[in-house]
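Both backbone and side-chain heavy atoms feed into the values below; hydrogens, waters and symmetry mates do not. Computed from a predicted model, the values in this text were never measured in an experiment. Whatever order the structure lists ligands and atoms in, that order sets their numbers, starting from 1. Count residues from 1 along the sequence.
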Amino acid sequence: MAREFLESFGGRVFALPMTIREPDQVEDFVAKTNQEFGAIDVLVNNAGGQFPQAALDFSPKGWNAVIDTNLNGTWWMMQSAARHWVANKQSGSIVNIVADIWRGMPGIAHTCAARAGVIYLSKSVAVEWAPHDIRVNCVAPGCCESNGFGNYPPEGSATFQDSNPMRHAGDEWDVAEGVVYMAANSGKFVTGEVLNIDGGQQLWGDPWPTGRPDYFRIS
Ligand SMILES: CCCCCCCCC/C=C/C(=O)SCCNC(=O)CCNC(=O)[C@H](O)C(C)(C)COP(=O)(O)OP(=O)(O)OC[C@H]1O[C@@H](n2cnc3c(N)ncnc32)[C@H](O)[C@@H]1OP(=O)(O)O
Ligand SMILES: NC(=O)C1=CN([C@@H]2O[C@H](COP(=O)(O)OP(=O)(O)OC[C@H]3O[C@@H](n4cnc5c(N)ncnc54)[C@H](OP(=O)(O)O)[C@@H]3O)[C@@H](O)[C@H]2O)C=CC1
């Protein structure tokens, strides 16, 4: 479906079912994409997700699933793309989709830990890989209306509208335009940065993916 949508704009699309959690599948995907197009200009790590749960209830399997997808998977993609760029003496640009982690993420603490990891991983390799002309940035969405909202109980998603001083959710286009700014020539002097696209959520707002516990209600 995504493939047909993208092809409707007239571009050439290469798609392969895979999971970013398996380094071998990642390497295969990146190598085949390189073969197909001759080079990768931009890597956008958008794949990710989590489930809402009180941290006290996290099981080892649930914790590992979220860390493996959001931190490890993102890393395998970054490393594989960068190795190809360096080996082929090509420049590159990475944009990692993270989240608005700045005041913590009660109700999804596992993903908060993973995204914080990605942000500081990105800052570290932005420096290490600058000599190879590889830029590494992040985009941190606040609550943006997407299919993903369906993964939250109604009492959780109802709080997303209160998640920022604008008192409404963003949309996918808000995020997409930020990604293009970071990835394209417009961002040529930007690396190691995080662009928050959150309606001001890092300053004010009260989203609770599990639903807001009574303790935190202000009458
Ligand atoms: C300030 C505040 C700001 C708050 C700001 C709020 C912002 C929210 C806005 C939205 C942000 C988004 O990211 S929107 C994008 C939303 N999309 C998603 O979240 C996609 C959701 N799903 C996934 O990505 C994946 O399923 C993922 C969670 C990583 C798990 O991958 P797997 O396939 O390996 O896992 P599963 O087999 O499904 O489950 C593995 C284990 O995980 C646990 N598990 C899985 N789902 C579970 C569930 N619903 N409830 C409990 N536990 C669960 C169980 O232990 C499972 O084991 P068993 O018990 O043995 O089965
Ligand atoms: N919407 C929001 O408010 C926010 C979203 N984000 C993040 O933005 C990104 C996009 O989310 P959004 O569009 O809302 O949600 P979606 O759930 O619609 O999109 C998540 C995408 O990630 C893919 N994916 C998940 N796990 C893997 C994996 N192991 N390997 C390969 N692909 C995988 C899914 O593929 P498939 O469908 O095939 O499973 C799906 O296409 C995610 O990282 C999300 O956490 C961050 C903050 C807020």
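Looking only at protein heavy atoms, the nearest one to atom 50 (N) of ligand 1 is Phe51 CD1, 3.7 Å. If you check which protein heavy atom lies closest to atom 39 (O) of ligand 1, you get Ala65 CB, 4.9 Å. With respect to atom 3 (C) of ligand 1, the closest heavy atom belonging to the protein is Pro207 CG, 3.4 Å.
Just one residue in the list Asn70, Thr69, Thr74, Asp68 forms a side-chain hydrogen bond (donor to acceptor under 3.5 Å, both in side chains) with Asn72, and that residue is Asp68.
Under a 4.0 Å heavy-atom criterion, Arg103 is not in contact with ligand 1. At a 4.0 Å cut-off, not a single heavy atom of Phe58 sits close enough to ligand 1 to count as contact. Using a 4.0 Å heavy-atom cutoff, Trp208 is absent from the residues neighbouring ligand 1. Within the 4.0 Å heavy-atom cutoff, Val175 does not count among the residues contacting ligand 2.
Close approach to Thr69 involves these atoms of ligand 2, each under 4.0 Å from a residue heavy atom: 26 (N). Shown in contact with Phe160 at under 4.0 Å from a heavy atom are these atoms of ligand 1, numbered in order with element: 6 (C), 8 (C).
Side-chain atoms of Asn196 and Trp102 include a donor-acceptor pair closer than 3.5 Å. Residues His84 and Glu27 bring a donor and an acceptor atom of their side chains to less than 3.5 Å of each other.
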